[in-house]
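Report on the structure given below.
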Protein chains: 4
Amino acid sequence: MCGILGIYSNKNVSKELYYGLYAMQHRGQESCGMAVHDGKEINYKKDMGLVGDVFKTHDLEELPGTKGIAHVRYSTAGGSHMYNCQPLVGTLRKRNLGLVHNGNLVNANYLKEMLEEDGIMFSSKSDTEVILYMLARYYTGDIVEALKLTMDQIKGAYSLVILTDDELVAVRDPHGFRPLLLGKKDDEYIFASEDCEIEILGGKVIRDLEPGEIAVVKDGELKSYNFSNKCKTMKKSCIFEHVYFARNDATIDKVNVYEFRVKSGEILSQDDDVKADMVVPVPDSGWAAAIGYSNASGLPLTEALVKNRYVGRTFIKPTQEERELGVKIKLNPLSRVLQGKSIILVDDSIVRGTTSKQLVKSLRDAGASEIHLRITSPPVKYSCYYGIDTPNRSKLIAATKSIEEMKEYIGCDSLKFLDIDKMMSAVGEGNEFKFCKACFDGNYPVKKIDKEDEE
Amino acid sequence: MCGILGIYSNKNVSKELYYGLYAMQHRGQESCGMAVHDGKEINYKKDMGLVGDVFKTHDLEELPGTKGIAHVRYSTAGGSHMYNCQPLVGTLRKRNLGLVHNGNLVNANYLKEMLEEDGIMFSSKSDTEVILYMLARYYTGDIVEALKLTMDQIKGAYSLVILTDDELVAVRDPHGFRPLLLGKKDDEYIFASEDCEIEILGGKVIRDLEPGEIAVVKDGELKSYNFSNKCKTMKKSCIFEHVYFARNDATIDKVNVYEFRVKSGEILSQDDDVKADMVVPVPDSGWAAAIGYSNASGLPLTEALVKNRYVGRTFIKPTQEERELGVKIKLNPLSRVLQGKSIILVDDSIVRGTTSKQLVKSLRDAGASEIHLRITSPPVKYSCYYGIDTPNRSKLIAATKSIEEMKEYIGCDSLKFLDIDKMMSAVGEGNEFKFCKACFDGNYPVKKIDKEDEE
Amino acid sequence: MCGILGIYSNKNVSKELYYGLYAMQHRGQESCGMAVHDGKEINYKKDMGLVGDVFKTHDLEELPGTKGIAHVRYSTAGGSHMYNCQPLVGTLRKRNLGLVHNGNLVNANYLKEMLEEDGIMFSSKSDTEVILYMLARYYTGDIVEALKLTMDQIKGAYSLVILTDDELVAVRDPHGFRPLLLGKKDDEYIFASEDCEIEILGGKVIRDLEPGEIAVVKDGELKSYNFSNKCKTMKKSCIFEHVYFARNDATIDKVNVYEFRVKSGEILSQDDDVKADMVVPVPDSGWAAAIGYSNASGLPLTEALVKNRYVGRTFIKPTQEERELGVKIKLNPLSRVLQGKSIILVDDSIVRGTTSKQLVKSLRDAGASEIHLRITSPPVKYSCYYGIDTPNRSKLIAATKSIEEMKEYIGCDSLKFLDIDKMMSAVGEGNEFKFCKACFDGNYPVKKIDKEDEE
Amino acid sequence: MCGILGIYSNKNVSKELYYGLYAMQHRGQESCGMAVHDGKEINYKKDMGLVGDVFKTHDLEELPGTKGIAHVRYSTAGGSHMYNCQPLVGTLRKRNLGLVHNGNLVNANYLKEMLEEDGIMFSSKSDTEVILYMLARYYTGDIVEALKLTMDQIKGAYSLVILTDDELVAVRDPHGFRPLLLGKKDDEYIFASEDCEIEILGGKVIRDLEPGEIAVVKDGELKSYNFSNKCKTMKKSCIFEHVYFARNDATIDKVNVYEFRVKSGEILSQDDDVKADMVVPVPDSGWAAAIGYSNASGLPLTEALVKNRYVGRTFIKPTQEERELGVKIKLNPLSRVLQGKSIILVDDSIVRGTTSKQLVKSLRDAGASEIHLRITSPPVKYSCYYGIDTPNRSKLIAATKSIEEMKEYIGCDSLKFLDIDKMMSAVGEGNEFKFCKACFDGNYPVKKIDKEDEE
């Protein structure tokens with residue numbers, strides 16, 4: 001889970017990339033970076049931390065260039081290292097290449113071993129380095145040719161933006177797992193993970209990239225190539241973007257995220273006959289669904305959990321004894337409002353179940369008499385191979401427990417999920433087959449080839 | 001506008017002060033600090049920036065002590081200097097004093113000149129230094145006596161927590177303008193600006209400090225003193241805390257902030273006959289009122305403005321040409337949802353009007369057909385002398401423009417405010433006379449003595 | 001032990017103060033700072049650390065002003081705190097004052113108590129704050145008058161540079177303990193602790209300030225005032241500046257430091273009849289004296305101890321077991337050159353004796369057969385009350401041990417000091433009575449009034 | 001020009017590597033880093049800046065491991081980039097490799113192109129990456145075999161220390177251009193660029209590595225391999241280490257640096273018949289030679305140039321107008337001592353001549369009547385291909401100017417160099433053929449294969 005961005009302009013782009021990084025900061029807070037081509041070579045800066053910590057005025061001044069790429073990286077367990085920051089940049093046969101990547105390959109280890117057979121070393125643990133070296137080996141001047149050869153071999157989810165000496169290139173994998181959109185602002189081309197980034201930068205959204213599309217901007221012109229005709233029917237956009245990951249103001253693969261979430265809440269309420277006093281969203285992701293639930297049920301919406309906006313990477317974690325304090329600093333319940341009340345607690349998803357458990361305890365301590373937990377997606381029973389940071393299957397609460405057992409574990413009075421068909425009805429008619437929902441149903445569009453990592 | 005905190009314990013308090021700083025970070029992001037008494041002297045750390053930037057693990061280790069105070073400072077125009085950070089700490093006659101302050105005096109300059117006549121120098125521009133030096137001149141061992149003499153002369157709004165060699169002392173001014181509460185956690189005493197801070201730290205809220213109260217914790221015992229019998233009838237709690245400043249999960253002077261805000265929205269909707277498609281809150285402060293408005297009007301609540309949580313102190317400001325971009329980075333409208341829609345836009349207050357103007361333009365560009373701006377407080381016509389960072393009167397849009405002129409300036413289709421009586425009905429019966437609402441009606445409980453600063 | 005600097009110009013001075021800080025960095029590495037008057041108020045920056053760590057390009061840009069002062073502070077045991085950084089800056093009766101100070105008062109605590117009686121608080125532990133507040137209490141517009149009243153009461157060693165709204169003022173105490181010189185560069189006036197600072201900045205040294213002189217630059221003109229006629233005969237310049245503290249390229253009170261040191265080495269060799277193979281300086285302070293000793297004795301000079309230039313404030317100290325390593329990292333002996341050799345080891349002074357002891361062990365381990373330690377000053381038997389950071393008397397090795405006992409403790413084969421008369425002969429005829437040598441002979445020109453601190 | 005270090009121990013080595021970095025900081029101040037093997041993988045930290053800036057206590061705690069390598073990098077024009085920091089670390093076929101390198105290849109570009117043909121990308125501009133990838137391609141478990149195959153192809157100067165999963169390996173190129181020594185400390189093996197590093201860490205120097213030697217420490221045992229029998233006669237140790245680069249306390253290839261420098265000064269004085277008042281060293285590198293010159297000539301040694309120890313990477317460079325000031329901040333002449341004097345100015349070498357020119361002007365301004373510049377090495381007429389950071393030949397003053405023209409350019413009254421034979425007599429009989437002196441005589445032991453870079 002990351003955010004990527006590329007801009008091709010006839011003006012200096014570093015400031016615009018900087019604002020773009022802010023616009024996609026919600027997609028990753030672990031590290032960020034940008035690379036720009038100054039006409040001669042690619043210069044870059046990347047580091048651990050938020051955009052505001054990494055980039056200062058003088059950094060932007062030292063990164064001149066009319067085309068560039070940028071990246072934010074999501075914090076993933078165990079992988080928090082400087083060497084995993086993007087963009088990746090290198091030279092080969094006097095040519096410069098820069099690359100940003102969102103997604104996950106299912107055969108990265110396989111390909112890595114193959115490349116290593118040829119004596120190619122790796123300095124990170126990311127799939128991205130595999131893609132870069134695959135591309136580099138085939139790249140002798142024709143980037144489209146090199147990409148086709150590469151895409152023939154890399155399996156899984158990937159949206160890429162690539163910087164060459166002459167071109168800015170955007171690629172979406174044959175299933176279109178991860179989002180990628182094209183926008184324009186005057187003569188400028190923008191590729192971004194979410195349409196809101198394009199709009200915030202003052203651009204106009206043109207369209208989603210097609211599955212398997214290779215879009216090349218060169219000499220101020222956009223040309224588009226198709227990896228394979230098959231891709232047309234292979235579209236499998238990740239539904240979890242809509243469930244949880246994307247911003248409310250994003251529209252991905254024609255489905256608006258906010259509308260999807262509100263609708264999910266509405267649907268969930270329709271079959272629900274629980275008696276309660278109010279609907280309480282888990283901030284921030286549960287808000288839109290709670291609005292939908294409240295609208296459809298007529299139960300009043302109540303902001304009974306106050307989120308602390310300042311708890312970030314530098315927060316000194318509470319010790320074991322202080323743990324309860326840690327939960328409340330992040331999310332404090334309004335005891336006065338909750339006192340003696342029966343509540344519908346709306347959240348977007350349950351992965352491990354530990355956060356829900358702590359939250360339910362915290363609400364009960366604050367006086368809630370009944371807590372009915374409603375989840376606007378189905379139980380997450382399968383690990384994602386395509387870039388969503390779900391843990392190993394054994395850690396997924398829904399993989400090993402029944403709904404009744406989950407209810408017991410979490411400690412709520414009742415627990416309901418949205419079933420898959422109903423969730424899919426929220427994407428709008430005709431769209432339901434265009435989504436990957438493997439984390440819910442185990443139907444993986446692309447099989448895992450590498451052995452699954454133990455967490 | 002600041003947050004203050006004091007803890008008296010028999011254990012080390014620096015970690016608890018640290019979490020307390022996080023819990024009150026919303027009350028000020030410019031600077032923060034803490035001071036602890038190690039039994040011999042007062043050590044402290046304070047600096048510009050957020051809690052997470054200023055305090056690292058080793059800082060807490062270097063601040064041992066069983067009693068301490070902490071402070072967050074709100075960013076005020078022109079006053080952003082290291083020397084204004086709190087706590088203030090000093091020694092006098094072999095005694096140590098530390099002090100944190102929330103509020104504003106109306107005769108600080110007058111007192112400053114008086115102190116200067118005695119050869120006392122000032123190294124900051126804050127009222128707080130005046131209070132500290134007044135206190136110091138009277139303090140020869142009896143802190144209550146010294147406070148009474150000081151309170152006789154300082155006029156205006158002040159909530160204080162003071163650290164002496166033996167005591168932790170909390171003081172609320174005779175009108176009780178700024179909030180201050182007492183809590184307990186086992187044998188520990190906690191004083192804090194908001195009750196939620198006490199609760200988050202695991203303590204139990206005991207009560208608000210009374211106007212004019214001097215609460216002294218010494219040898220593990222709390223004793224309370226009354227500055228003057230008059231104070232009982234002088235209570236003038238700042239209504240702007242409820243309108244805008246406090247957290248939703250705070251209850252100040254017995255009025256719950258969240259309930260007040262929801263109620264304000266409800267009342268506002270009752271007289272409103274405008275036709276609209278949806279209610280849109282201005283995040284984050286407009287949410288509770290919008291919920292109230294939506295509930296009472298039956299119009300659906302919609303999250304049509306997405307706030308960027310990451311824009312902070314380190315954000316490189318857009319140039320004049322990039323200004324529009326700057327607005328959208330902070331608050332991006334969902335064009336898809338707004339397209340052709342008539343909206344009720346709910347905000348808590350209008351001060352200068354410039355932000356509202358930009359926001360209305362941004363919403364209109366995103367496709368909103370009609371924008372009806374609803375403010376859940378009356379027009380701010382008068383500067384606050386008691387610590388709310390309102391600008392000089394000439395900069396207050398409501399001081400110089402009629403509602404119709406304001407509507408024209410802001411560019412909305414209609415504009416309504418809550419009138420004062422209706423706002424006061426939201427605080428609950430019997431409470432209406434206990435609040436200062438000078439910024440709305442000009443009835444200043446304490447007259448300004450110093451000449452007003454030009455901004 | 002500190003360095004001070006003041007510049008009065010008609011151009012911006014912050015860059016020049018910055019270079020001046022570099023030129024006097026050898027006088028103090030703990031903290032540094034500068035304050036400039038922008039025509040309206042005094043702005044400043046100060047922090048712990050070296051000049052290169054504290055000041056960046058943008059800091060200088062934010063400190064515009066045509067007159068300013070600067071300070072470097074020496075690291076003193078136990079006093080390493082942010083609040084002791086200079087310049088000190090404050091306002092009083094609408095007037096701004098800034099001050100930098102080099103020296104030490106003998107009645108600081110006495111005066112502090114007196115000021116505290118008037119309700120004046122202290123926020124640091126430095127004498128400098130006492131001087132500032134004394135000055136402030138008398139300053140109603142006439143800085144010379146205020147200084148005379150202040151100087152009447154402060155006893156001890158002080159060189160000051162003061163910034164007022166209109167003036168730059170330099171003051172040297174009635175005995176002239178600590179150095180202070182006047183220089184000019186075109187229309188610009190410069191006051192500095194050492195003449196080399198003036199020269200490095202491109203200025204011309206005019207003269208030392210006289211004892212008791214108050215030099216005021218106002219409206220581009222220098223006027224000089226005399227605190228008292230007595231001062232003419234009271235001159236007691238600190239001999240330890242020449243022995244150890246000042247740069248080799250300094251000339252203070254007409255005595256050139258380098259020449260003094262070389263001469264000290266020559267004199268020391270004249271009575272010495274020890275047989276040795278070579279003269280080895282303790283770097284860096286022993287070099288000039290070793291040159292003198294070598295020249296006069298005919299014994300070859302040898303650089304047998306290599307100093308590591310990079311060990312500074314950030315160096316992680318070795319643990320107890322690693323202590324020997326710590327010594328060698330700082331000062332490594334050339335074993336090849338020392339093997340079987342008898343050496344004359346030349347150092348400027350011995351204070352505690354611990355460093356000499358470690359050094360002698362290190363040289364012996366490296367193979368030196370005989371080590372004859374020669375000190376180009378007398379035994380330090382008395383604490384300095386005037387600003388040299390000598391420890392409490394009980395820690396001075398020469399206060400409690402005879403020379404023979406010191407030799408045993410240090411472990412050298414022989415030990416000789418320069419006696420007082422001979423040292424004074426190195427300052428040149430007619431100068432011998434103009435120096436304070438209290439640390440050697442206990443004749444304190446000004447008696448200590450405050451109780452001596454326990455270390 | 002860099003410093004390298006490797007330690008194989010049965011205890012944690014990070015603290016020892018840290019002290020070792022300090023001990024070799026003089027060999028490079030641009031960047032530094034260390035890598036340690038924790039039994040499973042290699043962790044590292046590296047960054048721009050001095051050791052004291054890059055490594056804090058917690059960094060060392062996060063780098064546990066019983067074997068490790070470390071590196072300091074010299075600042076080279078145009079190459080000051082994060083990506084050039086060492087160690088380089090990577091994985092290949094589930095094996096970890098880490099490498100530090102001192103030296104320069106003459107066929108790096110040639111090999112780079114060859115590797116690129118195989119699709120291998122480069123992310124830095126350093127030769128070191130070429131060596132790592134060459135090694136990686138041949139390494140399938142037998143590091144000695146891989147090194148022999150690599151050494152067959154890489155031409156030029158290289159001293160390496162390599163970290164594998166099981167071994168610590170040290171390599172010196174077949175000519176032994178750059179120094180590398182073996183030491184022991186109890187059961188611990190240490191490889192270092194200079195013997196003083198080993199001694200400072202408490203170890204005992206065993207010997208220099210032989211040209212072409214591959215020393216492997218595995219399972220606590222050292223085994224040594226010989227790349228080729230030819231190496232025995234090929235020894236070409238870099239004479240510039242002795243002339244300028246190494247510490248005075250180093251002994252490299254059996255020649256002590258300090259003794260070499262003193263001897264060079266003595267020899268230089270023997271043929272010199274100039275009349276002068278004193279010998280003045282250019283600090284720090286000219287000291288030892290000046291001692292030699294003074295001893296042999298009987299002219300007194302004088303410290304007439306005072307070096308500022310604090311001017312480093314963070315120093316804000318003076319503007320063009322302030323340039324003279326910049327020179328004096330770094331190196332200030334003692335005008336009092338120089339007044340009217342004729343001096344012998346002793347320096348180790350002249351490369352571009354610009355510094356000497358500025359220095360001569362500065363000394364003349366300070367009053368020196370005659371300046372006779374004496375250089376204890378021959379004119380540098382040829383660029384170094386083996387790692388000394390000499391500029392392109394066109395920038396070498398001695399490549400284009402006669403000695404008389406150089407004298408005119410520099411502005412001294414006379415100029416003499418040591419001729420090659422005389423310099424070589426200072427290394428001691430029998431050693432003269434074992435040194436590379438290509439920068440002086442153009443006899444390159446290994447021809448340059450890559451095209452020379454334009455500076």
Side-chain angles (χ1 to χ4, degrees), chain C residues 15-16 18-19 22-23 25-26 29 50-53 55-57 60 196 199-202 247-251 256-259 261-262 284 287-288 291 294-295 300-306 308-316 318-319 322 324-326 328-329 332-337 366, chain D residues 15-16 18-19 22-23 25-26 29 50-53 55-57 60 196 199-202 247-251 256-259 261-262 284 287-288 291 294-295 300-306 308-316 318-319 322 324-326 328-329 332-337 366:
Chain C
K15 192 82 174 287
E16 211 164 327
Y18 171 78
Y19 291 124
Y22 262 102
Q25 182 82 82
H26 65 287
Q29 297 91 44
L50 295 174
V51 183
D53 297 329
F55 290 96
K56 307 294 172 198
T57 305
L60 301 184
C196 41
E199 283 174 358
I200 286 168
L201 292 174
R247 279 169 67 134
N248 266 344
D249 49 355
T251 298
N256 181 265
V257 171
Y258 179 73
E259 287 172 352
R261 290 176 183 171
V262 172
D284 293 321
W287 265 104
I291 286 174
S294 164
N295 285 349
L301 181 71
T302 308
E303 187 186 358
L305 284 164
V306 176
N308 191 321
R309 306 277 166 219
Y310 302 100
V311 173
R313 222 171 49 103
T314 54
F315 183 69
I316 302 171
T319 58
E322 301 162 337
E324 214 161 301
L325 190 153
K328 289 178 90 174
I329 281 186
N332 193 43
L334 274 85
S335 47
R336 172 119 162 201
V337 167
Chain D
K15 191 83 173 287
E16 209 164 328
Y18 170 78
Y19 291 124
Y22 263 101
Q25 182 81 82
H26 66 286
Q29 296 91 43
L50 296 173
V51 182
D53 298 327
F55 289 96
K56 307 294 171 197
T57 305
L60 301 183
C196 41
E199 283 175 358
I200 286 169
L201 292 173
R247 277 169 69 134
N248 265 345
D249 48 355
T251 299
N256 179 266
V257 170
Y258 179 74
E259 288 172 351
R261 288 175 186 172
V262 171
D284 292 326
W287 264 103
I291 287 174
S294 165
N295 286 349
L301 181 70
T302 309
E303 187 186 357
L305 283 165
V306 176
N308 192 320
R309 306 274 167 222
Y310 303 99
V311 173
R313 221 172 50 104
T314 55
F315 183 69
I316 302 171
T319 58
E322 301 163 337
E324 214 161 300
L325 191 154
K328 289 178 89 174
I329 282 186
N332 192 42
L334 273 84
S335 48
R336 173 118 162 201
V337 167

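Just so we're on the same page: letters track the sequence lines, and every chain starts at 1.
Residue contact with chain D, scored on non-hydrogen atoms closer than 4.5 Å, involves the side chain of C:Asn308 exclusively. Looking at D:Lys15, only its side chain comes within 4.5 Å of chain C, counting heavy atoms on both sides. With a 4.5 angstrom heavy-atom cutoff, D:Thr57 touches chain C via backbone and side-chain atoms both. Looking at D:Phe55, only its backbone comes within 4.5 Å of chain C, counting heavy atoms on both sides. At a 4.5 Å heavy-atom cutoff, the contact between C:Gln29 and chain D is made by side-chain atoms alone. Heavy atoms of D:Leu50 lying under 4.5 Å from chain C belong exclusively to its side chain.
Considering only residues two or more places apart in sequence or on other chains, D:Glu259 meets the side chain to side chain contact (heavy atoms under 4.5 Å, CB included) condition with C:Arg336, C:Val337, D:Asn256. Listed by chain and number, the residues in a side chain to side chain contact (heavy atoms under 4.5 Å, CB included) with C:Asn295 are C:Ile291, D:Pro300 (sequence neighbours excluded).
Residues D:Tyr258 and C:Glu303 come closest through the heavy atom pair OH-N, 2.7 Å. Pairing each heavy atom of D:Ile200 with each of D:Ala23, the nearest pair is CD1-CB, 4.0 Å.
When C:Thr319, C:Asp284, C:Leu60, C:Asp53 are compared by the number of non-hydrogen pairs under 4.5 Å with chain D, C:Asp284 comes out ahead. Options C:Leu325, C:Val262, C:Ile316 differ in how many heavy-atom pairs under 4.5 Å they form with chain D, and the most are formed by C:Ile316. Taking D:Lys56, D:Glu322, D:His26 one by one and counting their heavy-atom pairs under 4.5 Å with chain C, the maximum is reached by D:Glu322.
Distance CG/C:Asn332 to CG/C:Leu305: 8.5 Å, rounded to 0.5 Å.
Here the side chains of D:Glu199 and D:Asp249 are not in contact, with every heavy-atom distance at 4.5 Å or above. Between D:Phe315 and C:Val51 there is no side-chain heavy-atom pair separated by less than 4.5 Å.
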